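Have a look at the structure below before the remarks.
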Amino acid sequence: MYENENERQNIDETSSAPQQPKQHDVSGLKHRKSSKSLARKTAGIVAAAVLFGAVSGGVMTGVSYLGERYTRIPAVSTTVGNSSSDTSGTGSSPVSNTVMDVSDVVEQAMPSVVAINDTMTVQQYGIFGLPETYQAQSSGSGIIIDKTDSELLIATNNHVVSGATDLTVTFSDDNTASAAVKGTDSATDLAVIAVKLSDISSDTLSKIKVASLGDSDNLKAGQQVIAIGNALGYGQSVTVGYVSALNREISDSNGVEHSYIQTDAAINPGNSGGALIDLNGNVIGINAAKTASTEVEGIGYAIPISKAGEILDNLKTKQTREALDESAQGFLGIQGTNIDANASKAYGMPVGIYVYKILDDGAAASSDLKEKDIITKFDGQSVTTMDELKEMLTYYKSGSTVTLTVQSLENGTYQEHDVTVTLGSRPSDNKS
């Protein structure tokens with residue numbers, strides 16, 4: 001909530017919306033190692049927090065039993081109990097369990113999963129309500145989804161890379177390379193980052209590979225799955241579980257609903273962006289969130305790969321972002337405020353950025369963008385806050401032409417259409 005008009009930010013300033021209560025105890029798994037000490041809970045108390053995003057590394061784990069009849073992987077049979085008769089003459093029945101070895105599947109999939117580390121600026125409010133910022137290290141995971149003539153493309157969660165200033169990727173052979181954001185989509189919490197092939201040694205290139213993407217539409221509850229990711233930032237680890245449910249509608253910390261695969265595989269901080277794979281080694285989900293409390297055990301979530309595919313294909317086509325000098329950055333020339341999920345439900349407005357003023361000398365003034373329009377996408381990438389829009393503009397040069405997807409109120413209903421804008425130059429006084 002803005003306390004005064006000066007707090008209303010334009011496109012080149014930060015605009016904030018009031019925090020709304022979470023509808024679900026869901027949290028991302030991006031691990032942040034800040035310089036500030038965190039009080040540790042006494043032993044025996046489970047941290048009742050839901051980590052939505054990328055916290056220092058994470059993976060999915062679980063226990064699964066599947067007969068050799070249903071897989072091509074050899075199974076190990078074990079017998080528990082005594083089959084001999086007791087003194088009463090009643091024989092006890094042996095209990096037979098089939099424990100599956102998934103090491104061959106993991107060996108096949110591991111070269112396609114990477115660890116992602118970055119430095120980000122974190123803002124929080126101090127004891128007197130004043131904002132404080134500090135640098136923090138965070139970790140997540142990613143999946144190699146494509147290779148071009150010059151880049152290796154990696155899928156991850158948007159919250160893993162949002163606000164990152166120094167991205168690095170660690171491959172399965174423990175070698176590291178610098179990375180840059182290629183495209184992001186905040187509405188679906190997806191992102192694609194790129195690593196230059198010239199920054200990867202020939203030895204590492206021979207050991208890694210593009211992931212095999214599966215079909216999450218054909219998943220069934222009870223199907224066994226394997227998760228690989230950067231648990232707690234310690235490096236790749238493997239866990240096993242089952243598909244607990246499909247199409248779980250869960251709200252994130254901003255109140256935006258997402259449809260997930262639910263699994264009982266353990267998800268830990270840093271797991272965000274990692275791979276959820278089937279027993280054929282195909283990626284069927286991108287690990288994204290978990291629910292944790294003293295009352296909850298074994299509930300984790302992954303973005304279905306079939307729903308993510310089209311968005312990732314679009315993000316792969318974007319130009320890899322390189323930070324521009326402030327003087328070269330594009331300028332839109334609007335003032336706006338955020339419409340979050342709660343405001344959207346209360347007022348029947350789309351989630352996005354509400355344009356309440358278009359500056360006379362700004363680039364938007366020469367376009368078809370109107371005041372009271374709601375911006376939902378910038379250059380084909382979903383945006384939900386002014387901060388996200390501001391961050392995107394830092395990578396677009398003045399004079400470049402971009403397409404905004406907006407919702408306009410017409411005859412009492414919002415209609416979606418595209419608006420083309422040629423970005424202007426940033427004013428010398430840094431005002432919109």
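Remember, predicted model here, so these are calculated numbers, not experimental data.
Using a 4.5 Å heavy-atom threshold, the side chains of N157 and I303 count as touching. At least one side-chain heavy atom of L153 sits less than 4.5 Å from a side-chain heavy atom of V192. The closest side-chain heavy-atom distance from M392 to T184 is below 4.5 Å. Y347 places none of its side-chain heavy atoms less than 4.5 Å from the side chain of I339. Looking at S112 and K209, their side chains come closer than 4.5 Å, going by heavy atoms from C-beta outward. Counting only heavy atoms from C-beta outward, the side chains of I261 and L219 approach each other to under 4.5 Å. Looking at heavy atoms from C-beta onward, K318 lies in side-chain contact with D379 at the 4.5 angstrom threshold. Taking 4.5 Å as the limit, some side-chain heavy atom of V181 sits within range of a side-chain heavy atom of L167.
Taken to the nearest 0.5 Å, the OH atom of Y395 stands 14.5 Å off from the OG atom of S400. Here the CG-CG distance, from D199 to L152, works out to 11.0 Å after rounding to the nearest 0.5 Å. Going from atom CD1 of I311 over to atom OG of S382 covers 7.0 Å, rounded to the nearest 0.5 Å. Rounded to the nearest 0.5 angstrom, E310 CD and L315 CG are separated by 11.0 Å. Of the inter-residue distances, the one linking S103 atom OG with D101 atom CG reads 3.5 Å to the nearest 0.5 angstrom. Note that NE2 of H417 and OG1 of T403 are 12.5 Å apart. Values are rounded to the nearest 0.5 Å.
Other residues, nucleotides and ligands contribute over 12 non-hydrogen atoms within 6.0 Å of the CG atom of D203. More than 12 heavy atoms of other residues, nucleotides or ligands sit less than 6.0 Å from atom CD of E371. Other residues, nucleotides and ligands place no more than 12 heavy atoms under 6.0 Å from the NZ atom of K357.
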Stepwise side-chain hydrogen bond (donor to acceptor under 3.5 Å, both in side chains) check, T188 with H258: CA-CA 7 Å; T188 56; H258 301 268; over 6 Å; no

Let me see the working for N175 and D173 under side-chain hydrogen bond (donor to acceptor under 3.5 Å, both in side chains), right down to the final yes or no. CA-CA 6 Å; N175 282 321; D173 64 352; 3.0 Å; yes

Chi angles and distances behind the side-chain hydrogen bond (donor to acceptor under 3.5 Å, both in side chains) call for Q329, T394: CA-CA 5 Å; Q329 294 172 10; T394 63; 5.2 Å; no

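Side-chain atoms of N158 and S186 include no donor-acceptor pair closer than 3.5 Å. Side-chain polar atoms of D264 and S244 form no donor-acceptor pair below 3.5 angstrom. Between the side chains of T401 and T422, a donor-acceptor pair is found at a separation under 3.5 Å. Side-chain contact annotation: D189 with H159, donor-acceptor N/O pair under 3.5 Å present. For T320 and E322, the side-chain atoms include no donor-acceptor pair closer than 3.5 Å. A donor atom on one side chain and an acceptor atom on the other are found under 3.5 Å apart for T384 and E388. Residues T385 and D387 have side chains that never bring a donor and an acceptor to within less than 3.5 angstrom of each other.
Taking all atoms of both residues into account, the shortest heavy-atom contact from S306 to G214 is OG-O, 4.5 Å. Of all non-hydrogen atoms in A211 and V283, the two that sit nearest each other are CB-CG2, 3.9 Å. Taking every heavy atom of both residues into account, Q108 and G281 meet most closely at NE2-CA, 4.3 Å. The two atoms that bring V161 and A191 nearest to each other are CG2-CB, 3.8 Å, heavy atoms only. Between N218 and D215 the shortest heavy-atom distance is ND2-OD2, 2.8 Å. Minimum interatomic distance between T317 and D313 (heavy atoms only, all atoms of both residues): CG2-O, 3.4 Å.
Proximity of a side-chain donor or acceptor of T156 to a complementary backbone N or O of S141 within less than 3.5 Å is detected. The main-chain N or O of N287 is never found under 3.5 Å from a side-chain atom of N271 such that the two would form a donor-acceptor pair. Side-chain N or O atoms of E391 include none that pairs as donor or acceptor with a backbone N or O of S162 at under 3.5 Å. Between the side chain of D278 and the backbone N or O of N280 there is at least one donor-acceptor pair closer than 3.5 Å.
Sequence neighbours left out, the pairs with a member in residues 362-386 that pass ring-ring contact (aromatic ring centres under 6.0 Å, His included) are F378-Y396. The salt bridge (charged side-chain N to carboxylate O under 4.0 Å, His left out) contacts involving residues 399-423 comprise nothing, where partners must be two or more places apart or lie in separate chains. Among residues at least two apart or in separate chains, salt bridge (charged side-chain N to carboxylate O under 4.0 Å, His left out) pairs with a member in residues 137-156 are D146-K316, E151-K182.
For the side-chain contact (heavy atoms from CB on, under 4.5 Å) test with T168, the passing option among N117, V195, D118 is N117; the others fail.
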